[in-house]
Amino acid sequence: MATAPDQDGVSPHPLTASDRARRAAWGALALFLAAFAVFESQKYGLPTTAAMLLFLVLPDLARLAGVRPPGPLHQAVHRVWIPLLVLVGYTFGPVVWPPLFTAGLGWLTRIAAERALGRGLRR
């Protein structure tokens, strides 16, 4: 029986059907975003690939820099709305710089993948 881990990795309660559905939806979104990021990286070249990879590992880089939970910077790095704002702003704004868009895709891919694996789900 699958369980949802807490902060210490201990599984205090079984996953509900809604938890499984939520994780599956995050997983599908992560796969879509990853495919889209790879497509954009291939289309625009090395700078977009570098930006996507850099922001894909952004939470790890923040942790290496000393940002620890539950601080506000740690929370900001793991919020969905920040990379989503980057993507929407790029799409509708006057800026035309593809590495910015792929950076947002990479960041959002990472967040979606973490949530699909059960990290970041809050009750």
- Query: Does the side chain to side chain contact (heavy atoms under 4.5 Å, CB included) test come out yes or no for Gln42 and Thr49, once each step is laid out?
  - Reply: CA-CA 8 Å; Gln42 290 296 314; Thr49 303; 5.5 Å; no
- Note on the structure: dist Arg63:CZ -> Leu58:CG (nearest 0.5 Å) comes out at 13.5 Å
- May I ask whether Leu117 and Leu31 are part of the same hydrophobic cluster, defined by side-chain heavy atoms of I, L, V, M, F, W, Y residues being less than 4.5 angstrom apart, directly or through others? no
- Message: Working note: Val80 + Arg115, criterion side chain to side chain contact (heavy atoms under 4.5 Å, CB included); need CA distance, chi angles, decisive distance, verdict.
- Response: CA-CA 10 Å; Val80 171; Arg115 293 190 180 185; 3.3 Å; yes
- Item | Heavy-atom side-chain proximity of Val57 to Leu53 below 4.5 angstrom | no
Donor-acceptor pairs under 3.5 angstrom involving side-chain atoms of residues 89-100: please list them, not counting sequence neighbours.
residue: Tyr90; atom: OH; partner: Trp97; partner atom: N; Å: 3.4
residue: Thr91; atom: OG1; partner: Leu87; partner atom: O; Å: 2.7

- Item | Verdict with reasoning, Asp19 to Arg22, per salt bridge (charged side-chain N to carboxylate O under 4.0 Å, His left out) | CA-CA 5 Å; Asp19 287 338; Arg22 185 178 300 118; 3.1 Å; yes
- Note on the structure: Rounded to the nearest 0.5 angstrom, the CG-OG1 distance for Leu54 and Thr102 is 10.0 Å
- Message: So which atom in Gly104 and which in Pro83 form the shortest heavy-atom distance, rounded to 0.1 Å?
- Response: O-CB, 3.8 Å
- Query: Are Trp81 and Leu108 connected in the hydrophobic side-chain network, where two residues link if heavy atoms are under 4.5 Å apart?
  - Reply: yes
- Query: Does any non-hydrogen side-chain atom of Thr48 lie less than 4.5 Å from one of Glu40?
  - Reply: no
- Same apolar cluster (I L V M F W Y, side chains within < 4.5 Å links), Leu84/Trp26: yes
- Query: Are the ring centres of Tyr44 and Phe39 closer than 6.0 Å?
  - Reply: no
- Which word best sums up how the rings of Phe55 and Trp107 line up, parallel for under 30°, tilted for 30 to 60°, or perpendicular for over 60°? tilted
- Least distance between heavy atoms, Arg23 atom then Gly118 atom: NH2-CA, 3.3 Å
- Please answer: with hydrophobic residues joined when any side-chain heavy atoms are less than 4.5 Å apart, are Leu56 and Phe32 in the same cluster? no
- Please round to the nearest 0.5 Å and tell me the distance separating atom CG of Leu105 and atom CG of Leu33. 6.0 Å
- Give a yes or no on whether Val86 and Val77 share a hydrophobic cluster (residues Ile, Leu, Val, Met, Phe, Trp, Tyr; joining criterion: side-chain heavy atoms under 4.5 Å apart). yes
- Message: How close do Ala34 and Thr109 get, counting heavy atoms only, and between which atoms?
- Response: N-OG1, 3.6 Å
- Task: Would you give the length of the straight line joining atom CG of Leu85 to atom CD1 of Ile82, rounded to the nearest 0.5 angstrom?
- Result: 8.5 Å
- Query: Between atom CZ of Arg79 and atom NE2 of His74, what is the distance when rounded to the nearest 0.5 Å?
  - Reply: 10.5 Å
